[in-house]
Number of protein chains: 2
Amino acid sequence: MNQSKRFLDIVKDIRDMIRREKIKPGNRIPSERELAEKLQVGRSTLREALRSLELLGLIETRRGEGTFLSDHRNHQLVEVLSTFILQDKQSQEDVWETRLIHEVSAIQTICQNSKLASLKVWDSFRNRLNENESFYREDFVRELMVLSGNRLSLKIWFLLQQYSGNPYQEPVTATEKEMLLPLLAALEQQDMSSAIDLFKTWSGWIQKGRMQNGNDSRDL
Amino acid sequence: MNQSKRFLDIVKDIRDMIRREKIKPGNRIPSERELAEKLQVGRSTLREALRSLELLGLIETRRGEGTFLSDHRNHQLVEVLSTFILQDKQSQEDVWETRLIHEVSAIQTICQNSKLASLKVWDSFRNRLNENESFYREDFVRELMVLSGNRLSLKIWFLLQQYSGNPYQEPVTATEKEMLLPLLAALEQQDMSSAIDLFKTWSGWIQKGRMQNGNDSRDL
DNA sequence: CTTAATTTGTCCGTATGTATG
DNA sequence: ACATACATACGGACAAATTAA
């Protein structure tokens with residue numbers, strides 16, 4: 001039945017093996033020849049599966065050394081995806097919107113937790129705003145995601161961040177900074193509705209600028 | 001310089017070719033041998049690149065026919081990634097909480113859209129409640145997710161649903177039904193805060209019962 | 001219905017670059 | 001310097017599936 005799409009089975013087998021052998025990120029997985037022998041497949045076929053996983057950023061191969069489980073954070077997946085999938089406007093908006101879902105939820109969680117609302121990080125961000133230092137949206141939002149404490153949501157967010165193409169690598173503008181100070185205040189005062197409103201306004205403001213320029217202006 | 005990672009160059013070349021030739025989703029791309037000849041690489045190496053793109057859901061290969069640009073947006077990569085991401089012992093609370101994030105967000109979207117709020121589905125659900133028919137949480141929430149219109153969020157939700165172990169296959173109890181009627185009313189009246197409160201109360205109620213019995217029964 | 005051509009699926013053999021001891 | 005182990009890459013061979021003549 002499953003004679004075609006064998007390399008998908010291999011992907012599954014490798015995943016199962018990793019789980020079974022409890023291989024941790026950074027560890028080495030068996031060599032190509034070993035795996036081919038163990039899984040009873042040709043080396044070429046096995047390599048196709050390995051390459052797929054490599055493009056996804058799940059493993060890392062180093063010539064002469066071996067193949068290793070990646071401690072994630074791989075770039076090429078960003079470019080490949082953004083150039084293929086994100087051509088479609090609807091998908092692009094879905095990614096952005098889903099990202100916002102997790103971000104807003106993180107803010108809700110933070111506002112509901114008094115310990116999180118009264119942290120020194122807010123002062124830190126405020127200082128960076130006042131000192132006119134460079135301030136990146138990604139840094140700020142990442143902090144929110146981490147603070148929310150949901151690791152799975154954080155991972156999904158991290159994924160979506162990569163998928164959303166070339167995002168907010170640029171520092172925030174002066175206009176945005178004027179929005180951020182009230183947002184920080186709202187977070188500290190646990191004023192959830194204000195915080196969310198301000199955040200959404202800010203995010204919507206940025207997105208407009210983002211959506212203006214044609215999407216594909218990236219290369220690798 | 002770029003002697004290693006040739007298959008990444010091939011991925012890039014294929015992308016450029018698709019852009020240059022203006023190949024649309026669903027169209028066929030040149031055969032493996034043609035591409036290998038044109039790009040001056042071996043067929044095995046080229047296949048590694050193609051497989052990678054296939055696992056990402058960007059292309060589709062059919063034996064005997066050829067290779068095609070995938071036409072329906074494929075977020076299957078989220079699934080593949082998630083099976084790896086979730087391989088480490090992820091606390092069930094995170095999965096559950098993340099699921100709720102998407103569900104609550106769907107309710108927010110629905111409440112903000114008057115067209116969605118005034119649909120006959122609510123009456124349908126209400127009837128099933130009153131008629132004392134079997135009523136499953138999953139059916140109801142799935143409807144919410146679909147109505148929200150974010151396909152990516154829906155896809156992630158499906159995924160989390162599978163990973164949250166043995167979920168809500170049992171019909172809702174009489175006590176829960178008494179919570180559901182006000183929830184339906186709140187949805188129709190676009191009373192967002194009430195709807196969310198009721199939904200969270202209901203969900204929290206169910207989760208308590210769920211967390212009692214042991215969980216993990218996942219496979220794929 | 002049969003046959004031939006095309007295309008992907010799979011495997012093998014060989015050579016080469018690279019890291020480790 | 002040498003040997004070993006590994007990934008990288010190529011080309012050939014055959015099987016299986018589809019399509020067209």
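We name chains A, B, ... by the order of the sequence lines, and we start the count at 1 in each one. FYI, side chains are in, hydrogens and waters are out, and symmetry mates aren't considered; it's all heavy atoms of this structure.
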Inset, instruction - Rounded to the nearest angstrom, tell me the gap between atom CG in B/Leu46 and atom P in D/dG12. - result: 16 Å
Legend entry - N/O (side chain, A/Arg51) to phosphate O (OP1/OP2, D/dA9) under 4.0 Å: yes
Inset, instruction - Applying side chain to side chain contact (heavy atoms under 4.5 Å, CB included) between A/Thr98 and each of B/Lys155, B/His102, B/Arg151, report the one that passes. - result: B/His102
Inset, instruction - Give none if D/dA1 has no partner; otherwise give the nucleotide forming a Watson-Crick or G-U wobble pair with it, both distances under 3.5 Å. - result: none
Legend entry - Side-chain donor/acceptor of B/Arg43 to base of C/dG9, under 3.5 Å: yes
Inset, instruction - Could you check A/Ser203 against A/Arg137 for side-chain hydrogen bond (donor to acceptor under 3.5 Å, both in side chains), going step by step and ending with a plain yes or no? - result: CA-CA 9 Å; A/Ser203 302; A/Arg137 181 186 193 276; 2.8 Å; yes
Legend entry - Nearest to side-chain heavy atoms of A/Arg28, which nucleotide of D/dA17, C/dG17, D/dC6: D/dC6
Legend entry - Nucleotide nearest A/Arg63 when distance is taken to its side chain, options C/dT10, C/dG9, C/dT16: C/dT16
Inset, instruction - Determine the contact category for A/Arg33: base if any of its heavy atoms lies under 4.0 Å from a base atom, sugar-phosphate if only primed atoms, P, OP1 or OP2 are that close, otherwise nothing. - result: base
Inset, instruction - Hey, can you tell me if A/Phe140 and A/Phe135 have their rings parallel, tilted or perpendicular (30° and 60° cut-offs)? - result: tilted
Inset, instruction - Check every strand shown and say whether A/Gly42 touches a base, only sugar-phosphate, or nothing at a heavy-atom separation below 4.0 Å. - result: sugar-phosphate
Legend entry - Spacing between B/Leu39 atom CG and D/dG11 atom P, to the nearest angstrom: 13 Å
Legend entry - A/Glu37 CD: over 12 foreign heavy atoms closer than 6.0 Å: no
Inset, instruction - Look at the side chain of A/Ser44 and decide which nucleotide, out of C/dC11, C/dT20, C/dT8, has an atom nearest to it. - result: C/dC11
Inset, instruction - Hey, which sits more toward the 5' end of DNA chain C by its nearest nucleotide, A/Val41 or A/Glu65? - result: A/Val41
Inset, instruction - Ignoring the backbone of A/Glu34, work out which of C/dG17, C/dT8, D/dC6 is nearest its side chain. - result: D/dC6
Inset, instruction - Taking the side chain as every heavy atom from C-beta outward, state whether B/Val41 and B/Leu35 have any pair of such atoms under 4.5 Å apart. - result: no
Inset, instruction - Using whole Å, report how far CG of A/Leu50 lies from P of D/dC6. - result: 14 Å
Legend entry - Atom-to-atom span, CD of A/Glu32 to P of D/dC10 - whole angstrom: 14 Å
Legend entry - Atom-to-atom span, CG of B/Leu8 to P of D/dA7 - whole angstrom: 17 Å
Legend entry - C/dG9 OP1/OP2 closer than 4.0 Å to side-chain N/O of B/Thr61: yes
Inset, instruction - Report the distance from atom CD of B/Glu37 to atom P of D/dG12, rounded to the nearest whole Å. - result: 11 Å
Inset, instruction - Mind calculating the distance between CZ (B/Arg62) and C1' (C/dT6) to the nearest angstrom? - result: 15 Å
Legend entry - Side-chain N,O (B/Arg47) to OP1/OP2 (C/dG9) below 4.0 Å: yes
Inset, instruction - Check the distance between D/dA9's P and B/Gln40's CD and give it to me in whole angstrom. - result: 15 Å
